[in-house]
Number of protein chains: 2
Amino acid sequence: MKKQNPLKLEQQICFPIYSVSRLITKAYKPHLEKMGLTYPQYLVLLVLWEHIELSVNQIGEKLMLNTNTLSPLIKRMEKTGLLQRNRSEKDERTVMVSLTEKGLSYQSEAMPIPEKLLHSLLSEEVQLTEVMLLKDTLDKWITILSKKPENQSNNL
Amino acid sequence: MKKQNPLKLEQQICFPIYSVSRLITKAYKPHLEKMGLTYPQYLVLLVLWEHIELSVNQIGEKLMLNTNTLSPLIKRMEKTGLLQRNRSEKDERTVMVSLTEKGLSYQSEAMPIPEKLLHSLLSEEVQLTEVMLLKDTLDKWITILSKKPENQSNNL
DNA sequence: CACATTTGCATCGCACACGATTTAATTTTG
DNA sequence: CAAAATTAAATCGTGTGCGATGCAAATGTG
């Protein structure tokens, strides 16, 4: 009933999450590279399709990424013409990011991707309810895991 | 009942997995860096604690990583004295990897980590059964997702 | 209002991931 | 057995993640 050896790879919860995360990124790849996108770039587009304009920090909050990751990523996206960066007039420190026509236009092409991938996953083995349940569980975990970053001594 | 906009970040299953994966890695970090380990290095140790000796490819199969990721990673671990690399005598192409005394000795120190992190996650909100269920689901997904790598047109 | 602190972004360094290519050793085939 | 094909690692280039640091603008404080 109890775990015999907590260090056995098969018994760890961390490894499946790590692997599935990479496998899903890999599944997105063929669809995204038609648009010249990487998976994190696609995530940035997702939030910008929902918001006309966001600062680098605001994008970072939504994706839980810091500027040290986002700054170069956004600059690469600017270089490929997906978005534009503008210093805020109110606060010169802030860089506001907004999509170009090209970035906006990719929305229609990207729209069917998640559904398509979900469909190819669904089968007798995997029901939609299971996917929804998984998502609910993970969302809850995100809340818990991102809550205690300062409690270094005992956090997960 | 149905998804209204499949491109909404909150409705995507991919993003929670991606985020939880990174959050878990972050949770491991303070424990692992006491030993000077990164998370992928810890994974390599996990499989080598279960097997006296493995080739680079065999480690890659278990962790689903290719040699272009593993070769430098393993070399870094060799440099820090965790393991040794030896060309196989039977097949000069194969590099056999085995732990040093130091690499073996880290097992006892690493043993309590997964349990400790699991414990800090468990609460009224998160029951052990939920964790087990999540793991079962993810394991099933790994099987499905890693099955059709050549079917590029329609895979997830 | 001067000065210390905070904030937003960028940069640097390091360690993955991973597609693509290279090199060397082994196996297959004619 | 020699040439072709396959295989195991390594290498290269690009793009993340992320801790640490730097810098300039904004804010707080006396």
Side-chain angles (χ1 to χ4, degrees), chain A residues 15 18-30 32-34 36-44 54-61 63-80 82 85-97 146 149-150 152, chain B residues 15 18-30 32-33 36-44 53-61 63-80 82 85-97 146 149-150 152:
Chain A
F15 179 64
Y18 164 78
S19 297
V20 168
S21 176
R22 285 170 40 229
L23 286 168
I24 288 184
T25 304
K26 195 173 287 186
Y28 266 90
K29 190 150 208 172
L32 293 179
E33 67 188 8
K34 288 176 192 167
L37 292 173
T38 65
Y39 182 70
Q41 290 175 8
Y42 164 75
L43 292 179
V44 171
L54 287 174
S55 71
V56 176
N57 259 344
Q58 287 172 323
I59 297 173
E61 281 170 26
L63 300 181
M64 297 193 278
L65 290 168
N66 288 330
T67 55
N68 51 7
T69 299
L70 277 179
S71 281
L73 198 162
I74 289 173
K75 280 195 170 179
R76 278 189 288 273
M77 293 178 75
E78 186 185 35
K79 198 171 282 180
T80 56
L82 291 165
R85 293 158 64 255
N86 294 107
R87 289 272 161 192
S88 166
E89 292 170 9
K90 295 176 195 165
D91 189 337
E92 280 288 327
R93 294 169 303 178
T94 311
V95 171
M96 298 307 293
V97 182
S146 58
E150 48 279 336
Q152 292 285 1
Chain B
F15 179 63
Y18 164 78
S19 298
V20 169
S21 176
R22 283 170 39 229
L23 286 167
I24 289 185
T25 304
K26 194 174 289 187
Y28 266 89
K29 190 150 209 173
L32 293 179
E33 67 189 8
L37 291 174
T38 65
Y39 182 70
Q41 289 176 10
Y42 164 74
L43 291 179
V44 170
E53 192 178 50
L54 288 174
S55 71
V56 175
N57 261 344
Q58 286 172 323
I59 296 173
E61 280 170 28
L63 300 181
M64 298 193 277
L65 290 168
N66 287 331
T67 55
N68 51 8
T69 299
L70 277 178
S71 282
L73 199 161
I74 289 172
K75 279 193 172 179
R76 279 189 290 272
M77 294 178 73
E78 186 185 37
K79 198 172 282 181
T80 55
L82 292 164
R85 294 159 61 255
N86 293 106
R87 289 273 164 191
S88 166
E89 291 172 9
K90 294 177 193 164
D91 188 336
E92 281 287 326
R93 295 169 302 178
T94 310
V95 171
M96 298 307 293
V97 182
S146 59
E150 49 279 335
Q152 293 284 1

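In what follows, every heavy atom counts, from backbone to side chain, and hydrogens, waters and symmetry copies are set aside. Just so it is clear: chains get the letters A, B, ... in the order the sequence lines come, proteins before strands, and each one is counted from 1.
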Which heavy atom of V56(A) sits nearest to which heavy atom of L70(A), and what is that distance?
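Here V56(A) and L70(A) meet closest at O-CD1, 3.6 Å.
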Could you state the atom-to-atom distance from [atom1] of [X] to [atom2] of [N] in whole Å?
X: N86(B); N: dA8(D); atom1: CG; atom2: P; answer: 18 Å
X: M96(B); N: dT7(D); atom1: CE; atom2: P; answer: 18 Å
X: Y42(B); N: dC16(C); atom1: OH; atom2: P; answer: 15 Å

Any residue meeting side chain to side chain contact (heavy atoms under 4.5 Å, CB included) with [X], in chain and number order, not counting sequence neighbours:
X: R93(A); answer: D91(A)
X: R76(B); answer: Q41(B), P72(B), L73(B)
X: E53(B); answer: M96(B), S98(B)
X: N57(B); answer: S55(B), T67(B)

Could you tell me whether T25(A) contacts a base, only the sugar-phosphate backbone, or nothing, with contacts defined as non-hydrogen atoms closer than 4.0 Å?
nothing
At under 4.0 Å, does any side-chain N or O of T94(B) touch on OP1 or OP2 of dT7(D)?
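Checking dT7(D) against T94(B), no side-chain N or O comes under 4.0 Å of OP1 or OP2.
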For dC18(D), does either OP1 or OP2 sit under 4.0 Å from a side-chain N or O belonging to N66(A)?
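So the side chain of N66(A) is outside the cut-off, no N or O lying under 4.0 Å from OP1 or OP2 of dC18(D).
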Return yes when atom CD of E33(A) has more than 12 non-hydrogen atoms of other residues, nucleotides or ligands closer than 6.0 Å, and no otherwise.
yes
Mind checking what makes ring-ring contact (aromatic ring centres under 6.0 Å, His included) contact with Y18(B), not counting sequence neighbours?
Y39(A)
For E61(A), check side chain to side chain donor-acceptor pair (under 3.5 Å) against everything at least two apart and list the hits.
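E61(A) satisfies side chain to side chain donor-acceptor pair (under 3.5 Å) with no residue once adjacent residues are dropped.
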Got a sec, which residues hit side chain to side chain donor-acceptor pair (under 3.5 Å) with R85(B), two or more places apart in sequence or on another chain?
E78(B)
Check: protein-nucleotides 24-27 of chain C nitrogen or oxygen pairs below 3.5 Å:
unit_1, atom_1, unit_2, atom_2, d
dT26(C), OP1, E92(B), N, 3.0

Under a 4.0 Å heavy-atom criterion, the protein footprint on nucleotides 10-17 of chain D, written with B, S and -, is BBB--SBB
When the C1' atoms of the five terminal pairs at each end define the local axes, what inter-axis angle does the helix from dC1(C)-dG30(D) to dG30(C)-dC1(D) show, to 10 degrees?
10°
Within-4.5 Å side-chain heavy-atom neighbours: L65(A) and L43(A):
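With C-beta onward as the side chain, the pair stays apart.
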